[in-house]
Amino acid sequence: MMNKEKILFIARHAKAEQAHDGINDFDRKLLPEGIQRTEKIAHKLLSLNMRPDLIVSSPSVRTLETAKIFAKFFALSENEIVTHQTLYDGTTNDYFDAIYALPDNFSKVMIVGHNPMVSELASFFNKKIEPLPTSGVVVLESQSSFWFEFVIKFVRVRKVLFPKKL
């Protein structure tokens with residue numbers, strides 16, 4: 001029997017080095033501050049008993065590194081991190097498409113992506129949500145059995161976690 005609730009974690013990648021000569025945007029790595037802030041958010045999610053079963057990430061270096069930090073805290077293997085190219089170079093609609101295509105056997109999924117798309121996605125559900133800072137996470141709840149119904153059966157924002165507010 002399918003779970004009658006879906007939880008979506010929308011996360012922005014951690015703070016990363018700037019693009020410069022010799023390094024392009026896709027290959028930017030996390031800064032120590034970014035790693036520390038992501039660990040702080042992951043620890044808070046665990047303390048609230050909120051953990052995803054699957055992580056879907058942009059394939060860029062900084063988002064994948066962020067996803068791996070979350071996976072470590074949530075005791076997920078690297079096999080439980082899936083990448084989608086459109087989460088790097090796509091639109092907010094591509095993020096919705098990624099949600100609708102999620103496997104229904106997972107009831108709690110984290111998407112790790114980039115601004116402005118992650119902020120636009122979060123504010124679609126609640127206009128009061130501020131733009132996500134690096135390592136920021138918004139947790140959404142829907143009373144749906146299937147990911148393709150997530151939006152129409154959306155119930156509430158469960159949590160908004162920004163590193164500077166912890």
Side-chain angles (χ1 to χ4, degrees), residues 1-14 16 25-26 34 38 41-42 44-46 48-163:
M1 174 137 161
M2 200 66 64
N3 190 330
K4 292 291 276 176
E5 175 183 77
K6 299 288 187 210
I7 305 296
L8 181 67
F9 300 74
I10 302 171
R12 183 175 172 202
H13 65 77
D25 182 69
F26 188 89
T38 302
I41 292 287
K44 181 66 174 176
L45 285 168
L46 279 178
L48 297 168
N49 201 26
M50 295 181 172
R51 73 178 281 289
D53 318 304
L54 177 72
I55 298 175
V56 179
S57 175
S58 155
S60 76
V61 171
R62 64 191 178 277
T63 47
L64 209 45
E65 286 180 347
T66 303
K68 287 176 181 177
I69 292 167
F70 281 121
K72 181 181 77 175
F73 270 80
F74 302 136
L76 298 174
S77 72
E78 289 198 16
N79 293 343
E80 292 160 311
I81 301 173
V82 178
T83 61
H84 283 287
Q85 181 64 36
T86 57
L87 297 182
Y88 174 69
D89 56 11
T91 65
T92 306
N93 282 340
D94 292 312
Y95 278 68
F96 279 108
D97 289 345
I99 294 165
Y100 300 146
L102 290 169
D104 291 318
N105 57 313
F106 292 100
S107 60
K108 296 178 249 166
V109 177
M110 175 179 274
I111 289 188
V112 183
H114 305 269
N115 259 350
M117 288 74 67
V118 290
S119 290
E120 290 171 2
L121 184 61
S123 71
F124 173 86
F125 294 96
N126 185 327
K127 300 285 183 230
K128 293 178 183 166
I129 296 174
E130 297 171 35
L132 271 71
T134 51
S135 301
V137 174
V138 173
V139 184
L140 307 172
E141 176 186 338
S142 178
Q143 292 299 313
S144 56
S145 298
F146 306 100
W147 285 104
F148 72 83
E149 334 176 284
F150 188 88
V151 171
I152 57 173
K153 295 196 174 181
F154 170 74
V155 178
R156 67 185 172 118
V157 175
R158 272 201 179 174
K159 205 74 183 159
V160 177
L161 296 173
F162 291 176

What verdict does the side-chain contact (heavy atoms from CB on, under 4.5 Å) test give for F70 and I81, after you've listed the backbone C-alpha separation in whole Å, the side-chain angles of each residue and the deciding distance to 0.1 Å? CA-CA 10 Å; F70 281 121; I81 301 173; over 6 Å; no
Give the C-alpha distance, both sets of side-chain angles, the deciding distance and a yes or no for side-chain contact (heavy atoms from CB on, under 4.5 Å) between I10 and Y95. CA-CA 10 Å; I10 302 171; Y95 278 68; over 6 Å; no
Pair M50, L161 - check side-chain contact (heavy atoms from CB on, under 4.5 Å), show working. CA-CA 12 Å; M50 295 181 172; L161 296 173; 5.9 Å; no
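For D25, the salt bridge (charged side-chain N to carboxylate O under 4.0 Å, His left out) partners two or more places apart in sequence, or in a different chain, are R28, R62. The ring pair (Phe, Tyr, Trp, His ring centres under 6.0 Å) test applied to F73 returns no partner, not counting sequence neighbours. Take R12 and apply the salt bridge (charged side-chain N to carboxylate O under 4.0 Å, His left out) test, not counting sequence neighbours, and it matches no residue.
Checking T63, L76, L64 one by one against I55, the side-chain contact (heavy atoms from CB on, under 4.5 Å) holds for a single residue, L76.
Note: L46 CG to I41 CD1 = 12.0 Å, rounded to the nearest 0.5 Å. Note: L54 CG to S107 OG = 10.5 Å, rounded to the nearest 0.5 Å. The line from CG of D89 to NE2 of H114 is 9.0 Å long, rounded to the nearest 0.5 Å. Summarising the geometry, atom CZ belonging to F96 is positioned 12.5 Å from atom CE belonging to M117; distances are rounded to the nearest 0.5 Å. Interatomic distance, L121 CG to N93 CG, rounded to the nearest 0.5 Å: 10.0 Å.
Although no hydrogens or angles enter the test, the distance criterion places a donor-acceptor pair under 3.5 Å between the side chain of D53 and the main chain of K108. Under the 3.5 Å distance criterion, the side-chain polar atoms of K6 are matched with a main-chain donor or acceptor of S145.
Aromatic ring orientation, F150 versus F154: tilted (interplanar angle from 30° to 60°).
For E149 and S144, the side-chain atoms include no donor-acceptor pair closer than 3.5 Å. No side-chain donor from either of S60 and H13 sits under 3.5 Å from a side-chain acceptor of the other.
Within a 6.0 Å sphere centred on CD of Q85, other residues, nucleotides and ligands contribute more than 12 heavy atoms.
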Pair up each side-chain donor or acceptor in residues 124-135 with any protein partner under 3.5 Å, not counting sequence neighbours, and list the distances.
from : atom 1 : to   : atom 2 : distance (Å)
N126 : OD1    : K128 : N      : 2.8
E130 : OE2    : K165 : NZ     : 3.2
S135 : OG     : T38  : OG1    : 2.8

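Within the structure, side-chain hydrogen bond (donor to acceptor under 3.5 Å, both in side chains) pairs that include any residue of residues 66-76 do not occur (at least two apart or interchain). Residue pairs meeting the side-chain hydrogen bond (donor to acceptor under 3.5 Å, both in side chains) criterion with at least one member in residues 153-163, sequence neighbours excluded, are E5-R158, E141-R156, E141-R158.
Residues F106 and P52 have side chains not in contact (no heavy-atom distance under 4.5 Å, counting atoms from C-beta outward). In this structure the side chain of D97 never reaches within 4.5 angstrom of the side chain of T86, judged on heavy atoms.
I99 and W147 make their closest contact through O-CB, 3.2 Å (heavy atoms, listed as atom of the first residue, atom of the second, distance). Shown here for G136 and F162, the closest heavy-atom pair between the two residues is CA-CD2, 4.2 Å. The nearest pair of heavy atoms linking S77 to E80 is N-OE1, 2.6 Å.
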